[in-house]
Amino acid sequence: MNYWLLKSEPDCFSIADLAAAPKQTTYWDGVRNYQARNMLRDQMQPGDLVLYYHSSAEPPAVVGTAKVVKAGYPDHTAQDPKGDHYDPKHTAMSPIWYMVDIQLGEIFPRELPIGELRGVPALKEMELLKTGSRLSVQPVRKSEYEAILKLAKQPAPAESATAKKPAKRKAVAGATKGAPRKRGG
DNA sequence: GCCAACGTTGGC
DNA sequence: GCCAACGTTGGC
């Protein structure tokens with residue numbers, strides 16, 4: 001049994017969208033990065049547990065958990081010429097891109113903003129917190145997964161304890177750059 | 001909006 | 001196979 005973190009922009013597919021989906025289950029399409037693809041295709045198995053992360057959100061945060069319910073299989077959205085994730089090199093005969101199915105685990109009673117996670121010693125090695133970490137599918141250690149779950153059930157730390165933030169920030173809402181991404185890649 | 005960090009592309 | 005140019009990601 002393995003642990004993972006999946007990123008999604010909430011404007012594209014939030015954990016609330018997952019909660020509203022039939023059977024609270026969805027296929028995780030749109031990953032177009034080879035490293036992430038390899039994990040989807042080769043490593044993720046039914047029963048694996050997933051941290052659900054909202055990227056490009058305010059604030060970016062781990063917001064809940066999910067469970068892998070179907071191992072990697074070809075991502076058919078790569079075959080849709082009208083879709084955002086079309087790749088002419090991907091065919092049914094020789095697929096390039098893969099996806100898994102996930103089902104909602106729980107929505108945390110509170111979000112865990114990345115700034116707060118940066119201050120947690122148990123998460124020091126976490127892939128998400130490394131500079132330049134951009135993978136939309138990341139392996140997570142069991143100890144990290146458990147530390148996150150524990151944190152989610154604790155009250156939010158006092159304002160001063162959360163990691164630094166710039167005094168002022170522009171609102172990020174609607175800051176669309178490039179084509180909309182469903183789930184990253 | 002900025003920009004660091006990373007992945008991909010393509011000329012050679 | 002190198003590597004510069006370019007595109008993308010994503011926190012800030």
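Naming convention: chains lettered A, B, ... in sequence-line order (proteins, then strands); numbering from 1 in each chain.
- In this structure the side chain of A:L117 reaches within 4.5 angstrom of the side chain of A:I148, judged on heavy atoms.
- A straight line from NE2 of A:H85 to P of C:dT8 spans 13 Å, rounded to a whole angstrom.
- As a whole-Å value, the separation of A:K7 NZ from C:dG11 P is 6 Å.
- Regarding A:L129, its CG atom lies at a distance of 10 Å from the P atom of C:dC12, rounded to whole Å.
- Rounded to an integer number of Å, the gap from A:N38 CG to B:dG7 P is 13 Å.
- Under a 3.5 Å cut-off, the side chain of A:H90 and the backbone N or O of A:W97 do form a donor-acceptor pair.
- Between the CZ atom of A:R134 and the C1' atom of B:dA4 there is a distance of 10 Å, rounded to whole Å.
- Classification of A:R37 and A:D75 as a salt-bridged pair fails, no side-chain N sitting under 4.0 Å from a carboxylate O.
- Spacing between atom CH2 of A:W97 and atom P of B:dG7 amounts to 13 Å, rounded to whole angstrom units.
- A:D11 has its CG atom 15 Å from the C1' atom of C:dT9, to the nearest Å.
- Of the side-chain N and O atoms in A:Y53, one or more sit less than 4.0 angstrom from OP1 or OP2 of C:dG11.
- Distances shorter than 4.0 Å separate none of the side-chain N or O atoms of A:R37 from OP1 or OP2 on B:dG7.
- When each of B:dT8, B:dG7, C:dG11 is scored by its nearest atom to the side-chain atoms of A:Q35, the top-ranked nucleotide is B:dG7.
- Residues A:L128 and A:K7 are in side-chain contact: their nearest non-hydrogen atoms beyond the backbone lie under 4.5 Å apart.
- Between the CZ atom of A:R118 and the C1' atom of C:dC12 there is a distance of 10 Å, rounded to whole Å.
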